[in-house]
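The structure appears right after this line, and notes come after that.
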2 protein chains.
Amino acid sequence: MPELHPLPARLKQVRILKQLTQQKLGELLGLDPSNASARMNQYERGKHTPDFDTLKRIANVLDVPVAYFYCEDELTASILQAAEALSEEQKLALLVSIREMVITEKEK
Amino acid sequence: MPELHPLPARLKQVRILKQLTQQKLGELLGLDPSNASARMNQYERGKHTPDFDTLKRIANVLDVPVAYFYCEDELTASILQAAEALSEEQKLALLVSIREMVITEKEK
DNA sequence: AAGGTATACTAAGGATTTCTTAGTCTGCAA
DNA sequence: TTGCAGACTAAGAAATCCTTAGTATACCTT
């Protein structure tokens, strides 16, 4: 099994949502305009994987956390993205409530 | 700025928590025992970054989601790890409640 | 229909990074 | 002080990514 990387699908989805072309997105990251399209296409088709620095810039431009591109299920990806907007305090409260949910489920 | 990769710190933390040596963890992933220690050390010191397949096997052995290694703050990493134990239904409920939290915060 | 344009996509080689090998270094216990 | 476990590293071999130079596809416009 060659384990499928979640990045290509997530990248495409968010890029389309933000109405950017592969070329334009690449330029916004600061890639050389002469190869921005080629590189972004390679990432989006899963041909190659960006290094962390590039990944971070992609995440910044698309306004999602870096970890978003590594979420293996859709729902977890959405949770992560939504949680980004929370304050530290709210995140802590969230963590506590998730742990309660887990305990509650076990008791069933 | 060379953007710091979150993986080294997270990897070390979970490995220690599970009381594994770099060598032993590498072997559990299926790395060649003759270089398991060297490779795990390189990942943990941030000298090199594992490819997705290796990352996935590390995540499996340590029982955390792959995205955990890409979370840039501690709290978000914990949220992600905790959320793993939830059912699809519970995740959906969680997503809804996060979105409510965001709206509530805005109203202040 | 033909030509133009925008976007997506790709092969191939040079550039860069990782993996393997063969160790050294550090701390601690006998 | 010797031995051992665990952490760590340099350097070359091997693998992967980046750059170049395009082709492919869909959709307009004339």
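Throughout, protein chains are lettered first and strands after them, A, B, ... in sequence-line order, and every chain is numbered starting at 1.
Residue A/Y43 places at least one side-chain N or O under 4.0 Å from the OP1 or OP2 atom of D/dC18. The side chain of B/S34 contributes an N or O atom lying less than 4.0 Å from OP1 or OP2 of C/dT21. Taking only side-chain nitrogens and oxygens, A/R39 never comes nearer than 4.0 Å to OP1 or OP2 of C/dT10. Between A/R45 and the phosphate of C/dT10, there is a side-chain N or O to OP1/OP2 separation shorter than 4.0 Å.
Less than 6.0 angstrom separates the ring centroid of B/H5 from the ring centroid of B/Y70.
Rounded to an integer number of Å, the gap from A/Q23 CD to C/dT5 C1' is 14 Å. C/dT17 atom P lies 16 Å from atom CG of A/L55, rounded to whole Å. Atom CG in B/L20 sits roughly 11 Å away from atom P in D/dG6 (whole-Å rounding). Per the geometry, CG belonging to A/D51 stands 18 Å off P belonging to C/dA15, to the nearest Å. Distance NE2 (B/H5) to P (C/dT17): 13 Å, rounded to an integer number of Å. Look at NE2 on B/H48: it is 10 Å from P on D/dA10, rounded to the nearest Å. Rounded to a whole Å, the CG atom of A/N35 is 14 Å from the C1' atom of D/dG22. Whole-Å rounding puts the A/Q22 CD to C/dC9 C1' distance at 7 Å.
Ion pairing between A/K91 and B/D73 holds under the 4.0 Å rule for side-chain N and carboxylate O.
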With 3.5 Å as the limit, what N/O pairs link the protein to nucleotides 24-29 of chain C?
none

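In the set C/dT10, C/dT20, C/dC19, C/dT20 carries the atom at the smallest distance from any side-chain atom of B/A38. Which of D/dA10, C/dC9, D/dC8 sits closest to the side chain of B/K47 comes down to D/dA10.
Using a 4.0 Å heavy-atom distance criterion, A/T49 is classed as a sugar-phosphate-only contact.
Counting distance only, with no hydrogens placed and no angle test, the side-chain atoms of B/Q42 and the base atoms of C/dT17 include no donor-acceptor pair under 3.5 Å.
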